A.B. asks: 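I have a structure here, written as C-alpha cells, and I will follow up with some questions on it.
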Amino acid sequence: MERLRLGVSAIFNLDYTLGCGQVFRWEKAGEWWYGIIKDRVFKIRQNGRDLIFENADKAFVKRYFSLDVNLREVLLSISKDYHIKRAIQHFKGLRIVRQDPWECLISYICATNKNIPGIKRNIEALSQKFGESKIFERKVFYSFPTPAKLAKASLTELRSCGLGFRAKYIREAARKAMQGNISFEDLRKTSYEEARKKLLHLRGVGYKVADCVLLFSLEKLEAFPVDIWVKRTILKHYGIHFDKGFSEKVSGKNSLLPNEYKALSEFGRRYFGKNAGYAQEYLFHYERLVRH
DNA sequence: CAAGTGCCTTTATC
DNA sequence: AGATAAAGGCACT
C-alpha cells in the first residue's frame, strides 16, 4: 500500500477523472477503483488530499493522472465565460489522464458511432479474448492485447468481440503498429497538426478519433474533439460565433461532415486556447451528466 | 413490451 | 466537390 499526498493547491478528483468517459476500463468496487495498465493491475482510492494505491509506484501514479499539470492554471486559462465556468464548478478536479496510446487508439476506433457502454464492452471483449489474464485479489483481469496479438487475429475472431465493420480497421492498425509503422513516441514529440496528419492516414481514424487519441494519450491539450454532446453544447452556448445557416444546418442532424467538424473543433481551439481539450472534457461531462 | 432512434463517426459511393 | 448511404449492435425511450 502506498500513499501520495497532494499539495494544498493540487486540485484533483479521482471519481470525476475516471468517471468522465475518457477511459473505458476502470471499474469502481466500493471505495476502490480497479484498473489495468499495460500488464499491471492496480487499485486506487482518494481520501481528501491523499491518494492511496496498491501495486503501482508514485512516479507512475503522478504521470498517469497528470498530477504534474498545474490544473489551477489550466482551468484559469479556459475560464472564458459563464458556461465553461459552470461546468468547471461542477467537476473541478477532473484531469485528463495519460492513457497508453496503443490502447487509446484502438479504443477510439471502436468508439465510432457507438455509445460508451458499447465501447467498454468491445474493449473488454478484446482483452478477454486476446489479452493475458492476471489474478489480483482473487479476481481475473485481462491486459489489453499487444499489436502483435491483434495483428494475428482473424477478422472473424475480431468480429466476435462485437466490433462489426471496425474489425478490419483494428487489424490494419495492429499490423502497422507491430511493424513499427506507428511511433507513438514520435507522435508525442511532434506538433498537434503534424501528429494529427499522421494519425489520419490510419483507416478508421478521422478527425474525431485522431483528436481523442491526441488529447487522451499524446499530451496534445489543444485538441478539441467534437462528438454529438460537444456539438450540442457549442451550438447552444456559442452559436453566436457561427453564422445562422451553419448553426441551423448542423443542429438539425446527428452527424457531422468533415468541414463541419473542422469548423466546430477549430472554434474550440481558437476560443479556449492551448488547453482547449480540458474545456472540451468539462463541457462534455457537464452536458451528458447535468444538462441532459 | 415492441419498435424506433441514437450513439464521443468513417468510408465508399454517388 | 459535396452530399448521402452504409456499416454492428446495444442502450435507451
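Note that this is a predicted model, so its numbers are computed, not measured. Chain letters run A, B, ... following the sequence lines, proteins first and then strands; every chain starts at 1.
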A.B. asks: Identify each atom pair where a protein N or O and an N or O of nucleotides 2-8 of chain B are less than 3.5 Å apart, giving names and distance.
C.D. replies:
from, atom 1, to, atom 2, distance (Å)
B:dC7, OP1, A:R232, NH2, 2.2
B:dC7, O3', A:K114, O, 3.2
B:dC7, O2, A:N113, O, 3.4
B:dC8, OP1, A:I116, N, 2.7
B:dC8, OP2, A:W229, NE1, 2.6
B:dC8, O4', A:D227, OD2, 2.9
B:dC8, O2, A:K208, NZ, 3.1
B:dC8, N4, A:G21, O, 2.8
B:dC8, N4, A:E281, OE2, 3.4

A.B. asks: For the C1' atoms, the ones on C:dA7 and on B:dG6, what distance do you get once it is rounded to whole angstrom?
C.D. replies: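 Rounded to whole Å, the distance is 15 Å.
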A.B. asks: Using atom NZ of A:K253 as one end and atom C1' of B:dT9 as the other, report the distance to the nearest whole Å.
C.D. replies: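 A:K253 atom NZ is separated from B:dT9 atom C1' by 12 Å.
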A.B. asks: Less than 4.5 Å apart, any side-chain heavy atom of A:V250 and any of A:L235?
C.D. replies: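 A side-chain contact exists here, since the closest heavy-atom pair is under 4.5 Å.
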A.B. asks: Do other residues, nucleotides or ligands put more than 12 heavy atoms under 6.0 Å from A:R63 CZ?
C.D. replies: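 Yes, the 6.0 Å shell around CZ holds more than 12 heavy atoms from other groups.
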A.B. asks: What integer number of Å spans the P atoms of C:dG8 and B:dT13?
C.D. replies: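 After rounding to an integer number of Å, I get 14 Å for this pair.
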A.B. asks: Send over the distance from A:R166 CZ to B:dA12 C1', rounded to a whole Å.
C.D. replies: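 Atom CZ in A:R166 sits about 16 Å away from atom C1' in B:dA12.
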A.B. asks: Starting at atom CG of A:L199, determine the distance to atom P of B:dT9, rounded to an integer number of angstrom.
C.D. replies: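 Whole-Å distance recorded here is 17 Å.
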A.B. asks: Would you classify A:Y261 as touching base, sugar-phosphate or nothing, given that sugar-phosphate means primed atoms plus P, OP1 and OP2, and contacts are heavy atoms under 4.0 Å?
C.D. replies: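 Answer is nothing: A:Y261 stays at 4.0 Å or more from every strand.
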A.B. asks: A:L202 near the nucleic acid: base, sugar-phosphate alone, or nothing, with a heavy-atom cut-off under 4.0 Å?
C.D. replies: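 The residue A:L202 makes sugar-phosphate contact but no base contact.
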A.B. asks: Would C:dG8 be called syn or anti here, given the cut-off of 90° from 0?
C.D. replies: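 Because its glycosidic torsion lies within 90° of 0, C:dG8 adopts the syn conformation.
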A.B. asks: Between C:dT4 and B:dC8, how far apart are the two P atoms, rounded to whole Å?
C.D. replies: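 Between the two P atoms, the distance is 24 Å.
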A.B. asks: For A:K62, does the NZ atom sit with more than 12 other heavy atoms under 6.0 Å from it, leaving out its own atoms?
C.D. replies: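 Count not over threshold, so no.
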A.B. asks: Are there over 12 heavy-atom neighbours, none belonging to A:E2, within less than 6.0 Å of that residue's CD?
C.D. replies: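 For A:E2, atom CD is crowded (more than 12 foreign heavy atoms under 6.0 Å).
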A.B. asks: Ion pair present between A:R175 and A:E172, side-chain N to carboxylate O less than 4.0 angstrom?
C.D. replies: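 Looking at A:E172 together with A:R175, the answer is no, because their closest N to O distance does not fall below 4.0 Å.
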A.B. asks: What is the separation between atom OH on A:Y169 and atom P on B:dT11, rounded to the nearest whole Å?
C.D. replies: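 Interatomic distance, OH of A:Y169 to P of B:dT11: 6 Å.
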A.B. asks: Heavy atoms only, 4.0 Å cut-off, all strands: where does A:R203 land among base, sugar-phosphate and nothing?
C.D. replies: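 Sugar-phosphate, no base atom in range.
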A.B. asks: Please report, rounded to the nearest Å, how far the P atom of B:dT9 is from the CD1 atom of A:I170.
C.D. replies: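 Distance, rounded to whole Å: 15 Å.
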A.B. asks: Verify whether the ring centers belonging to A:F42 and A:F60 lie closer than 6.0 Å.
C.D. replies: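 Under 6.0 Å, so yes.
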A.B. asks: Remember a base hit wins even if backbone is also touched, and classify A:L257 as base, sugar-phosphate or nothing at under 4.0 Å, heavy atoms.
C.D. replies: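 Result for A:L257 = base.
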A.B. asks: Is it possible for you to check whether A:K43 lies under 6.0 Å from the centre of the six-membered ring of A:F136, through NZ or CZ, and within 45° of that ring's axis?
C.D. replies: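 No, A:K43 and A:F136 do not form such a contact.
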A.B. asks: Charged N to carboxylate O below 4.0 Å: is that the case for A:D227 and A:R288?
C.D. replies: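 Between A:R288 and A:D227 there is no salt bridge, as every charged N stays at least 4.0 Å from the carboxylate O atoms.
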A.B. asks: Taking only the P atom of each, what is the distance from C:dG9 to B:dC1 in whole angstrom?
C.D. replies: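 Looking at atom P only, C:dG9 and B:dC1 are 24 Å apart.
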A.B. asks: Represent DNA chain B in dot-bracket notation, 5' to 3'. Only Watson-Crick or G-U wobble pairs with both distances under 3.5 Å count; pseudoknot-style crossings use [ ] and interstrand partners use |.
C.D. replies: ..|||||.||||||
A.B. asks: Between C:dG9 and A:R121, counting only base atoms on the nucleotide and side-chain atoms on the residue, is there a donor-acceptor pair under 3.5 Å?
C.D. replies: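 Between C:dG9 and A:R121, which were checked side chain against base, a qualifying N/O pair under 3.5 Å is absent.
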A.B. asks: Indicate whether the side chain of A:Y108 and that of A:D211 have a donor and an acceptor atom separated by less than 3.5 Å.
C.D. replies: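 There is no such pair (donor and acceptor under 3.5 Å, judged by atom type) between the side chains of A:Y108 and A:D211.
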A.B. asks: Quickly work out the A:E260 CD to C:dA1 P distance and round it to whole Å.
C.D. replies: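 Those two atoms, CD and P, are 17 Å apart.
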A.B. asks: Please report, rounded to the nearest Å, how far the P atom of B:dT9 is from the CG atom of A:N122.
C.D. replies: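 About 13 Å, once rounded to whole Å.
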A.B. asks: So does A:E194 pair up with A:K197, basic N to acidic O under 4.0 Å?
C.D. replies: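 The answer is yes: the pair qualifies as a salt bridge.
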A.B. asks: Using whole Å, what does the distance between atom P of nucleotide C:dA3 and atom CZ of A:F246 come to?
C.D. replies: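 Taking CZ of A:F246 and P of C:dA3, I get 11 Å after rounding.
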